[in-house]
Number of protein chains: 2
Amino acid sequence: MSENKAQILDEIKEQGEIVRKLKAEKSSKEQIGEEVAKLLALKARLSSTSECAADEDDVVQHKFTLKTPKGTRDYAPQHMALRLGVLEKIISVFKRHGAETIDTPIFELKEVLTGKYGEDSKLIYDLADQGGELLSLRYDLTVPFARYLAMNKITNIKRYHIAKVYRRDNPAMTRGRYREFYQCDFDIAGQYDPMIPEAECLRVVSEILDALQLGQFMVKVNHRLLLDGIFEACGVPQDKFRSICSAVDKLDKLSWEEVRAEMVDEKGLERDIADRISQYVLLNGSMDLVEKLLKDECLITKSKSAKEGLEAMKLLLQYTNLYGLSEKVRFDLSLARGLDYYTGVIYEAILLGDKRGESVGSIAGGGRYDNLVGMFDSRNKNVPCVGVSVGVERIFSVLEARMAADNQKIRTTEVHVFVASAQKNLLEERMKLCRDLWDAGLNTEQSYKKNPKLLAQLQYCEESGIPWAAILGES
Amino acid sequence: MSENKAQILDEIKEQGEIVRKLKAEKSSKEQIGEEVAKLLALKARLSSTSECAADEDDVVQHKFTLKTPKGTRDYAPQHMALRLGVLEKIISVFKRHGAETIDTPIFELKEVLTGKYGEDSKLIYDLADQGGELLSLRYDLTVPFARYLAMNKITNIKRYHIAKVYRRDNPAMTRGRYREFYQCDFDIAGQYDPMIPEAECLRVVSEILDALQLGQFMVKVNHRLLLDGIFEACGVPQDKFRSICSAVDKLDKLSWEEVRAEMVDEKGLERDIADRISQYVLLNGSMDLVEKLLKDECLITKSKSAKEGLEAMKLLLQYTNLYGLSEKVRFDLSLARGLDYYTGVIYEAILLGDKRGESVGSIAGGGRYDNLVGMFDSRNKNVPCVGVSVGVERIFSVLEARMAADNQKIRTTEVHVFVASAQKNLLEERMKLCRDLWDAGLNTEQSYKKNPKLLAQLQYCEESGIPWAAILGES
């Protein structure tokens with residue numbers, strides 16, 4: 001190792017300790033940031049040193065960095081087997097509800113994607129400008145869907161789409177968060193009578209979560225108009241609706257006191273307005289709560305939106321009850337959902353832990369977005385849409401963790417028969433038998449060795465979970 | 001329209017004619033290139049003009065370019081239904097042979113991909129450098145597979161992988177060639193006895209083409225070592241092997257005279273060497289041809305490779321005959337295949353037209369590549385591989401054309417029952433029936449309107465090909 005390199009390594013160690021210490025002391029962000037920057041600079045110096053010094057230092061060179069890009073992973077056969085099994089169950093629910101499927105390119109013109117995700121637009125992956133169009137990898141499946149509808153002038157469709165999307169987010173791979181991951185969407189586009197498509201989306205979510213046997217779950221529902229109406233009735237200034245809404249959205253993770261502090265201290269809302277809001281957004285229940293709020297003079301007289309939102313909730317709960325979901329759907333006024341493009345009903349499914357009520361997080365969600373397609377149409381012609389996105393990555397994680405805990409093994413092939421031989425020189429006979437079995441449509445394997453050992457063959461069957469072995473031998 | 005813009009449009013028209021004329025006259029590449037550059041510059045000026053002048057000129061503005069990126073397309077439900085139907089059949093063959101599936105990220109570190117595709121490396125799509133690793137979109141599924149094996153130290157696996165790959169090729173979309181397209185690969189990796197995995201690959205191709213009912217087909221087989229041996233025996237200088245091999249590869253499209261001209265005039269091969277080559281590469285047949293060539297003193301004594309290649313072919317044909325493929329596999333000495341990484345047996349399946357022998361092009365192909373994994377391994381440790389790639393895009397095109405010609409319609413959903421109502425105010429009843437049918441696992445749809453017309457409902461069933469309608473009404 002060169003002197004220089006060793007010296008930098010020492011400096012990196014020292015600087016690392018400084019950063020750790022500051023973090024432990026919960027120093028200011030600026031101060032930590034400054035020291036982290038120094039650390040990164042040292043690391044950059046190290047890597048350039050390594051490249052220059054490589055020939056001298058390391059005799060055995062790795063010719064390639066053997067890794068997948070940051071935030072991505074390979075899916076081995078056992079992952080794929082689990083994933084495909086889950087997706088098959090989900091797709092069968094989508095088909096049960098008459099959905100078709102479409103696909104769109106992995107990348108879109110950059111201008112199609114930018115500006116649709118607010119703050120998150122910075123997480124979009126761009127393609128290199130290689131002398132052509134400016135392109136970016138899709139960030140979700142909803143914006144490409146809206147582009148597809150507008151471009152092809154499609155005014156009604158019920159489709160599902162399961163595909164990979166890309167976000168240059170800080171990957172937290174240990175918690176199953178990647179930069180390349182699957183989304184799984186079901187959407188109903190078209191001008192229809194109120195709440196009928198919404199109710200079906202909720203039924204779809206419920207059937208999927210039932211089919212996957214993930215445990216108890218609950219679907220929270222709310223309405224954007226009702227939230228707006230509450231803010232209006234409580235006296236929130238119009239220009240603060242969005243930021244107050246995003247504060248409310250945190251009620252699933254923070255206490256009311258913390259959210260209230262954010263509203264008042266950070267966002268400058270008057271204390272008594274915040275308190276008035278709390279009288280509503282902490283409520284949850286069912287049809288009885290809708291009825292109660294519909295009699296709330298303050299709300300109903302002060303806000304037309306609130307009334308509309310409540311009427312919609314009433315209809316939705318009536319329909320979901322008819323669809324057998326009364327135990328599963330809960331009207332929850334704290335549900336706000338982040339994305340700006342929702343315009344009506346919003347919902348979110350959560351898995352309940354072992355103790356009832358203890359949430360292990362959102363597993364599906366969606367809502368109505370009536371204005372997105374219009375953003376792509378030259379004449380602003382809208383196609384009303386409502387959809388649901390199933391959090392398949394989280395579902396995969398839950399099931400993988402469960403299988404690991406139970407020490408379960410998943411079969412990665414579907415072989416019915418293994419053709420084995422008990423003695424030498426039977427390759428031709430094995431081949432003929434394989435041929436007959438393949439001709440008969442049976443999933444069949446044999447060893448690729450001319451004279452495999454019987455024990456090795458049977459062990460392979462054991463490991464692969466192949467139920468039948470046809471053993472050839474002379475009597 | 002502004003004066004300026006109209007003027008540029010005129011200039012573009014003029015310049016376009018100049019380019020067309022030069023192309024028609026087959027002028028030099030440089031000359032055409034120069035004029036094309038002028039044309040592109042004009043077009044760039046036009047688009048900047050349009051942007052500036054937009055407010056004045058066009059009242060109705062398209063806010064977005066409503067298109068997919070160049071060389072890509074959306075897949076509508078009818079495309080997807082056809083595609084998924086084809087893939088399902090192919091996957092069932094892969095499963096019949098005990099294959100597992102894996103997936104890899106859509107992009108790889110750039111250094112993993114570059115240098116693997118020779119000339120074609122320039123067609124790789126890069127991602128923008130957004131302050132991180134340098135990444136490129138995968139160009140095929142074979143190199144990521146080799147990287148996966150090396151990285152995970154996997155020494156044997158039989159896997160299939162169906163996924164999109166990306167090439168910045170000149171798209172010929174009218175002929176079904178896109179920049180984003182599916183590949184469908186089956187590979188057997190591992191140290192096994194000779195020709196047993198190869199024979200299975202050929203059996204897999206044959207089962208797939210049988211299952212898809214694309215018509216008569218034939219699988220040409222040859223061996224890289226035999227080709228090398230022929231070149232050696234005929235006196236081709238070692239450093240010309242590769243370029244002469246790529247000339248031979250054109251024999252499926254060009255006559256021997258044309259290929260000979262390329263060898264002699266372009267590649268500087270001696271005439272009599274070329275003529276000696278023709279005595280071999282124009283041959284095709286079956287086991288009898290192998291036997292005949294094994295007795296060819298000139299070939300066998302002059303080249304060890306030729307003997308090895310022929311012995312391998314003998315074994316392969318023996319095995320494929322046992323697998324019931326004697327009518328389908330043809331030993332064809334003109335088959336060379338472009339990619340550099342093949343090291344042993346190579347093969348290519350072609351569809352035969354209505355007149356027997358008239359090829360409509362290659363529909364699957366592959367071969368043995370024993371050195372690719374070693375390129376990724378720090379100690380050059382190799383994993384022998386053999387595989388086949390099914391040309392699914394071509395298969396989709398053939399089937400789509402056939403369906404269009406036959407005026408066939410493909411169902412895009414799998415709905416069993418439509419719940420209709422013959423009169424008003426039955427939405428609740430319809431919902432209850434839908435619920436019961438969904439609970440029973442039946443694929444069920446109803447109208448999203450409260451009071452749909454009976455005729456409209458029945459027409460929808462008709463159009464969607466839904467076989468059953470449950471019609472509600474009061475007696």
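By convention in this document, chain letters (A, B, ...) are assigned in the order of the sequence lines, proteins followed by strands, and residues within each chain are numbered from 1.
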Chain A contact via B:Glu180 - side chain, backbone, both or neither, heavy atoms under 4.5 Å: side chain
Contact winner vs chain A - B:Gly98, B:Pro69, B:Ser136, heavy-atom pairs under 4.5 Å: B:Pro69
B:Gln191 portion near chain A, given a 4.5 angstrom heavy-atom threshold: backbone
A:Leu134 portion near chain B, given a 4.5 angstrom heavy-atom threshold: neither
Toward chain A, the part of B:Ile154 with a non-hydrogen atom under 4.5 Å: neither
Which portion of B:Leu135 sits near chain A, non-hydrogen atoms under 4.5 angstrom: side chain
Heavy-atom side-chain proximity of A:Val143 to A:Tyr148 below 4.5 angstrom: no
Proximal component of B:Leu437, with respect to chain A [non-hydrogen, under 4.5 Å]: neither
Region of B:Arg73 that comes under 4.5 Å of a non-hydrogen atom in chain A: backbone
Option in B:Thr412, B:Val93, B:Asn156 with maximal non-hydrogen atom pairs under 4.5 Å from chain A: B:Thr412
Side-chain heavy-atom pair B:Thr72, B:Tyr178 within 4.5 angstrom cut-off: no
Side-chain heavy atoms of A:Glu200 within contact of A:His97, under 4.5 Å: yes
Distance-only side-chain donor-acceptor flag, A:Gln318 / B:Glu428, under 3.5 Å: yes
Side-chain touch A:Phe376/A:Val112, heavy atoms, less than 4.5 angstrom: yes
Proximity breakdown for B:Lys158 and chain A, heavy-atom pairs closer than 4.5 Å: side chain
4.5 Å side-chain heavy-atom contact, B:Glu207 and B:Asp210: no
Residue, of A:Met80, A:Met151, A:Gln130, A:Arg411, that accumulates the most heavy atom pairs under 4.5 Å with chain B: A:Gln130
Side chain / backbone / both / neither for B:Ile466 at chain A, heavy atoms under 4.5 Å: neither
Heavy-atom side-chain proximity of B:Leu137 to B:Leu127 below 4.5 angstrom: yes
Heavy-atom contact with chain A under 4.5 Å, split by part of B:Leu433: neither
Between OG1 on residue A:Thr320 and OH on residue A:Tyr323, distance to nearest 0.5 Å: 10.5 Å
Interface moiety of A:Arg179 toward chain B, non-hydrogen atoms closer than 4.5 Å: neither
Most contacts with chain B, counted as non-hydrogen pairs under 4.5 angstrom, among A:Pro144, A:Ala150, A:Pro197: A:Pro197
Partners passing side-chain contact (heavy atoms from CB on, under 4.5 Å) against A:Asp439 (at least two apart in sequence or in another chain): A:Arg435, B:Arg203
B:Lys122 atom NZ, over 12 foreign heavy atoms within 6.0 Å: yes
A:Tyr460 and A:Phe418 aromatic ring geometry - parallel, tilted or perpendicular at 30°/60° bounds: tilted
Between B:Lys95, B:Met195, B:Gln446, the one whose heavy-atom pairs under 4.5 Å with chain A are most numerous: B:Lys95
Side chain / backbone / both / neither for A:Ile124 at chain B, heavy atoms under 4.5 Å: backbone
Side chain / backbone / both / neither for B:Glu133 at chain A, heavy atoms under 4.5 Å: side chain
Residue selection (most heavy-atom pairs with chain B, distance under 4.5 Å) from A:Leu427, A:Asn152, A:Asp129: A:Leu427
Neighbour count above 12 (heavy atom, 6.0 Å) for A:Lys381 NZ: no
Closest-packed option against chain A by number of heavy-atom pairs under 4.5 Å, given B:Leu109, B:Thr413, B:Leu322: B:Leu322
Contacting region of B:Tyr166 [heavy-atom separation from chain A under 4.5 Å]: side chain
Residue, of B:Asn451, B:Leu84, B:Thr444, that accumulates the most heavy atom pairs under 4.5 Å with chain A: B:Thr444
Give the table of side-chain donor-acceptor pairs shorter than 3.5 Å for residues 101-108 of chain B, with sequence neighbours excluded, one pair per line with atom names and distance.
unit_1: B:Thr101; atom_1: OG1; unit_2: B:Tyr160; atom_2: O; d: 2.8
unit_1: B:Asp103; atom_1: OD1; unit_2: B:His161; atom_2: NE2; d: 2.7
unit_1: B:Asp103; atom_1: OD2; unit_2: A:Lys164; atom_2: NZ; d: 2.9
unit_1: B:Thr104; atom_1: OG1; unit_2: B:Arg138; atom_2: NH1; d: 3.2
unit_1: B:Glu108; atom_1: OE1; unit_2: B:Arg147; atom_2: NE; d: 2.8
unit_1: B:Glu108; atom_1: OE1; unit_2: B:Arg147; atom_2: NH2; d: 3.4
unit_1: B:Glu108; atom_1: OE2; unit_2: B:Arg147; atom_2: NH2; d: 2.8

Interchain contact, B:Ala99 with chain A, by part (heavy-atom threshold 4.5 Å): backbone
Worked verdict on A:Met431 versus A:Val419 for side-chain contact (heavy atoms from CB on, under 4.5 Å): CA-CA 9 Å; A:Met431 284 187 151; A:Val419 172; over 6 Å; no
